[in-house]
There are 2 protein chains.
Amino acid sequence: LIQTSNLIKTYKMGNETVRALDGVSVRIEAGEYVAIMGPSGSGKSTLMNVLGGLDRPSSGEYLLEGENVGGLPPDRLAEFRNAKIGFVFQSFNLLPRLNALANVALPMTYGAVAPDKRLQRAKQMLELVGLGDRIHHRPTQLSGGQQQRVAIARALANQPALLLADEPTGALDERTGIEVMQLFERLNKEGLTIVIVTHDAEVAQRARRVVRMRDGHVVDDVRNAP
Amino acid sequence: LIQTSNLIKTYKMGNETVRALDGVSVRIEAGEYVAIMGPSGSGKSTLMNVLGGLDRPSSGEYLLEGENVGGLPPDRLAEFRNAKIGFVFQSFNLLPRLNALANVALPMTYGAVAPDKRLQRAKQMLELVGLGDRIHHRPTQLSGGQQQRVAIARALANQPALLLADEPTGALDERTGIEVMQLFERLNKEGLTIVIVTHDAEVAQRARRVVRMRDGHVVDDVRNAP
Ligand SMILES: Nc1ncnc2c1ncn2[C@@H]1O[C@H](COP(=O)(O)OP(=O)(O)OP(=O)(O)O)[C@@H](O)[C@H]1O
Ligand SMILES: Nc1ncnc2c1ncn2[C@@H]1O[C@H](COP(=O)(O)OP(=O)(O)OP(=O)(O)O)[C@@H](O)[C@H]1O
Ligand SMILES: [Mg+2]
Ligand SMILES: [Mg+2]
């Protein structure tokens, strides 16, 4: 499903160059469940943004379902992303003027779900993450962990083929985090490919493979014991 | 240092009333190190916002150093807060147009640190949290964990008497999280009172007392074994 080859992402800051990605080549098959770990600043979110088609590498290639993502024109890319990919951002990126229901329904505008069914599906997704009684709350009327769960519901609303989740349990207490992990496992069994960045070793254990990054490259890539 | 009595915070949402705080009475002595835990949505951030003078309760009283915080006029409150309290927000709240150095220096404008010494102190604080090589980066040029550490440096810059930290290690990998905890322990030994909201049981273990919340009230309050 995913094949990257020697991804490099650099930023120029005055005289210095920050190498956020320094040659990342990974291959992820359809249906896999991969955790990405590594120190703060090691390039995990940068890699996720490239995989999500939200950012272009400075050099290197990214193939998604054999399609060269960097080569797609902007509208084809937006369409492709919306249909195939669900993204949970590290800082949620909810729209502040829309309530939870509208935030979750938004990605369905171009997708697989018929118009009359969208709000119904959005409500279901919110119930799945325990927010059935918060659907009319706007982001500022929600706790940190509730906002995170709205972001998760939104990523799953359009029935994506690939879920990219950047620290999706970071703001959740242990029990709510476990409920989200169980949801992910169920969806993975049903065929969803999952790539999850996490700092939590217990979350990483539930994935089937752990990729470790440091200073912009992959330093380890191991199967979890089943 | 801190005494709250029957704090209540409600929000009206259409016909419903959300009871974010439902009668919270806590007492925290100067020099204590208290962790607050509880499920997502249980009222932890709401309590922290009241303790930080950022939000008024719907009813109930909050005394800080014997001063009734709810009774202070706005400019006295701002002054009091700036001098006494360092706040690490759950979502960081950095100013996007200022770089890390300027973000950390900002609270010192009215404080204990002389003008020529402020940028120097800001740089020191950033070095203390491992960001010496990121001081000119703006928030969007920083990783999630780097932004969190800027927020921590900013909270400590003005040498507060009370540190209120809302999930200060949520975006940090294990090792960086430990470094922050060691910094907090050192400052606590030097007299800083610390109240930290956390979902991480290991972080809570390093505090000397753990207060648990559920549905807007305190359900447990125990000393940690030393
Ligand atoms: N726009 C930018 N300009 C300059 N440097 C940047 C920019 N964006 C990111 N960086 C740097 O690139 C590095 C990698 O950032 P990234 O967000 O991928 O880290 P991360 O592994 O997700 O970290 P965390 O665990 O803290 O979220 C960081 O050191 C960061 O300072
Ligand atoms: N402005 C608001 N209007 C309505 N409800 C609100 C508002 N702000 C917070 N709430 C509700 O109050 C409750 C407590 O929120 P709070 O942010 O204190 O939770 P928390 O314990 O910090 O949770 P988390 O661990 O997820 O950060 C939540 O259920 C939330 O939905
Ligand atoms: Mg990140
Ligand atoms: Mg909170």
Side-chain angles (χ1 to χ4, degrees), chain A residues 11-16 18 20 37-46 48-49 89-92 94 99 129-131 133-149 166-167 169-177 179-180 197-202 204 212-214 216, chain B residues 11-16 18 20 37-46 48-49 89-92 94 99 129-131 133-149 166-167 169-177 179-180 197-202 204 212-214 216:
Chain A
Y11 297 102
K12 273 202 106 11
M13 296 284 301
N15 290 334
E16 305 193 7
V18 175
M37 298 189 84
S40 175
S42 55
K44 306 178 297 297
S45 296
T46 307
M48 294 289 269
N49 289 340
F89 294 89
Q90 189 168 5
S91 50
F92 319 152
L94 300 178
N99 65 22
V129 295
L131 292 177
D133 62 351
R134 288 286 181 276
I135 66 178
H136 300 299
H137 285 233
R138 275 173 283 115
T140 49
Q141 298 169 324
L142 292 170
S143 77
Q146 291 167 344
Q147 292 174 28
Q148 187 157 54
R149 285 181 276 160
D166 197 343
E167 306 208 43
T169 63
L172 302 178
D173 58 280
E174 191 176 357
R175 176 163 164 201
T176 314
E179 287 167 20
V180 166
V197 170
T198 185
H199 285 308
D200 188 331
E202 300 205 14
R212 285 189 180 276
M213 293 185 67
R214 174 176 285 283
Chain B
Y11 297 101
K12 274 202 112 358
M13 296 284 301
N15 291 334
E16 302 192 10
V18 175
M37 297 189 85
S40 176
S42 54
K44 308 179 296 297
S45 296
T46 306
M48 294 288 270
N49 289 340
F89 293 88
Q90 190 168 4
S91 51
F92 320 152
L94 301 177
N99 64 22
V129 295
L131 291 177
D133 62 352
R134 288 285 182 276
I135 66 179
H136 300 299
H137 285 233
R138 276 172 283 114
T140 48
Q141 298 170 323
L142 292 170
S143 77
Q146 290 168 346
Q147 290 173 28
Q148 187 156 52
R149 284 181 276 159
D166 197 344
E167 306 207 43
T169 62
L172 301 178
D173 58 281
E174 191 177 356
R175 176 164 163 201
T176 313
E179 287 168 17
V180 165
V197 171
T198 185
H199 285 308
D200 188 332
E202 300 204 15
R212 285 190 180 276
M213 293 185 66
R214 175 175 283 284

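Per chain, numbering begins at 1; letters A, B, ... match sequence-line order.
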Among B/P39, B/G38, B/S45, who wins on heavy-atom pairs under 4.5 Å with chain A?
B/P39
Below 4.5 Å, heavy-atom pairs only: which of B/E174, B/R149, B/K44 has the largest tally toward chain A?
B/R149
Qualifying residues under salt bridge (charged side-chain N to carboxylate O under 4.0 Å, His left out), relative to A/E179, sequence neighbours excluded:
A/R175
For chain B, which of A/D166, A/L172, A/V18 has the most heavy-atom pairs under 4.5 Å?
A/L172
Residue part contacting chain A, namely of B/E167, when any heavy atom lies under 4.5 Å
side chain
Counting distance only, does the side-chain N/O of B/H199 pair as donor-acceptor with the main-chain N or O of A/A171 below 3.5 Å?
yes
Do B/E16 and A/D133 make a side-chain contact, defined as non-hydrogen atoms from C-beta onward lying under 4.5 Å apart?
no
Check whether any side-chain heavy atom of A/M13 lies under 4.5 Å from a side-chain heavy atom of B/H137, and answer yes or no.
yes
Between A/S143 and chain B, which part of the residue has a heavy atom less than 4.5 Å away: side chain, backbone, both or neither?
side chain
Side chain, backbone, both or neither: which part of A/Q141 has a heavy atom under 4.5 Å from chain B?
side chain
Side chain, backbone, both or neither of A/Q90 within contact of chain B (heavy atoms, under 4.5 Å)
side chain
Heavy-atom donor-acceptor pair, B/D173 side chain to A/S40 backbone, under 3.5 Å
yes
